[in-house]
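Letters A, B, ... are given to chains in the order of the sequence lines, protein chains preceding strands, and every chain is numbered from 1.
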Amino acid sequence: MKIVLCLIILCASSYVGFTVSGAYKRKVRLYEDLLLFCGRVKSQVAYFQSRLVDILAETDSGGAEFRRLCSETKDAVASGRNPLLDASAVSEICGVSLSDGGTIAGFFEALGGSDGKNQQAVISGYENIFSARLTAARGELKTKGGLSGKLGVFVGLFVVILCL
Amino acid sequence: MRRLKNLLPASAFNALSALGVGLQEIRLRADKPITVLYKGKKYFLSENGLTLKRNSAISVSVSDVRSAFLNACQHSVHSFAGQLADGFLSPDGGIRIGVGGTAVTEGSKVVSFKDISSLNIRIPSEIKNCSLPAVKYLLSPIRNVLIVSGPGGGKTTFLRDLIYQTSLLRNPPNVLVADERNEISGTEGGAARFDLGDFCDCVCMADKIFAFASGVRTMTPDVLACDEISMKDLPSLREISADGVKLFCTMHGDGPVDIESRGTDNFAGVFERYVFLTDKNMAGEIDGVYDEKMRRLDA
């Protein structure tokens with residue numbers, strides 16, 4: 001019984017550690033997806049003048065958070081919702097800070113809001129922001145991400161040892 | 001009406017939904033009450049419907065107008081660059097939205113609009129058989145027809161029905177519609193929203209000159225239909241007519257005297273029939289059908 005309990009504690013602790021670590025990975029994935037999306041939107045706007053709903057409808061790759069953002073934005077455009085995305089909703093979907101959520105919401109809000117030339121400049125601006133955030137997220141993953149996973153395992157082992 | 005839902009505040013949409021046929025225009029102006037053109041008369045729009053009292057009217061703010069504009073563009077202003085350069089939007093299905101605001105220019109060329117201050121939403125209507133009273137003068141045999149009225153006089157509605165009536169003839173002609181603003185056919189996703197009959201081809205959202213030149217060459221129509229021609233289109237239309245293609249066109253004007261004042265020589269060799277419309281009682285009412293010498297035929 002004691003051994004089973006210790007195994008449960010070890011698994012739970014490891015799970016928490018790897019979940020926290022996973023959050024850092026998802027953040028990196030989100031900003032990678034946003035950067036790729038920026039490049040795609042720029043070319044769609046410049047060459048095809050594609051409508052935003054069509055660009056979003058064709059976006060079927062990327063992480064779960066990014067795909068959900070695209071889906072929410074597409075629904076918002078179709079229903080005429082204003083603003084398209086709420087900062088706190090983005091923060092909750094993506095697991096980012098409210099400030100970062102506001103930046104991402106602002107990006108989707110800015111899409112399609114002006115003529116093609118202006119759009120290129122606006123999206124380039126957000127590309128710079130997302131690029132910087134990606135670099136920071138990768139740094140966090142390297143330092144804190146790996147550490148979280150290992151910490152989860154060690155804390156679990158420590159508790160197990162104490163129990164035994 | 002469904003297509004207007006995203007363009008209007010909820011209270012305005014609900015009030016308009018209760019109106020029947022007859023809604024022609026809705027105007028949104030920043031920080032001003034909503035005005036409506038209904039059966040040829042102007043009203044303010046209140047939560048209870050049409051009113052002449054300004055105080056009970058629904059007003060829209062600058063952000064409401066901006067929001068309506070973005071929704072009309074489906075958040076894709078860049079997709080409507082060509083239309084905005086001409087000061088309008090044609091989102092889908094025949095609705096045409098005139099845009100007021102600050103023009104964004106590159107040199108002397110307007111490329112877009114910003115700081116949108118007003119929108120004029122024109123609601124298309126399809127009135128089947130509205131051209132029937134004039135058909136015997138226009139389609140037996142098929143003549144070159146010019147439909148004339150003032151703004152909002154029902155020219156496009158009449159033209160639409162005239163095209164449809166040609167499809168019911170014993171030997172229906174192929175009709176090519178040069179639909180510059182997508183108002184005649186209301187094409188949405190490749191399908192025309194309005195019934196133009198089974199013998200109609202549309203070239204939408206392209207300049208008339210393109211339709212005149214390549215459309216006539218490639219689609220080999222028997223009839224060419226286009227909306228809102230100007231005097232400078234007449235030489236091209238004369239050439240097309242000389243090639244044996246019949247013409248159905250509309251033009252802004254104020255009656256036979258107005259057309260005559262522009263010089264009947266200019267129209268010679270182009271149009272054989274003139275249909276004048278009036279909105280005295282309702283838009284699209286036929287005021288008279290005239291021949292090429294401006295003699296009234298339907299007196």
Residues from residues 104-120 of chain B approaching chain A under 4.5 Å (heavy atoms): B/V104, B/E106, B/S112
Would you say A/E140 has more than 12 foreign heavy atoms packed within less than 6.0 Å of its CD? yes
Any pair with a residue in residues 15-43 of chain B that passes ring pair (Phe, Tyr, Trp, His ring centres under 6.0 Å), sequence neighbours left out, goes on the list, sorted by first then second residue, please. none
Just to verify, what does B/F69 make a ring pair (Phe, Tyr, Trp, His ring centres under 6.0 Å) with, not counting sequence neighbours? none
Crowding at CD1, A/I3 (>12 non-hydrogen neighbours, <6.0 Å): no
Under a 4.5 Å heavy-atom cut-off, does chain B meet the side chain of A/L52, its backbone, both or neither? both
Within 6.0 Å of NZ in A/K42, more than 12 heavy atoms from elsewhere: yes
For the side chain of B/N6 and the backbone of A/A78, is there at least one donor-acceptor N/O pair under 3.5 Å apart? yes
Members of residues 70-79 of chain B whose heavy atoms come closer than 4.5 Å to chain A: B/L70, B/N71, B/Q74, B/H75, B/S76, B/V77, B/H78, B/S79
Which atoms of A/S79 come close to chain B, meaning under 4.5 Å heavy atom to heavy atom: side chain ones, backbone ones, both, or neither? backbone
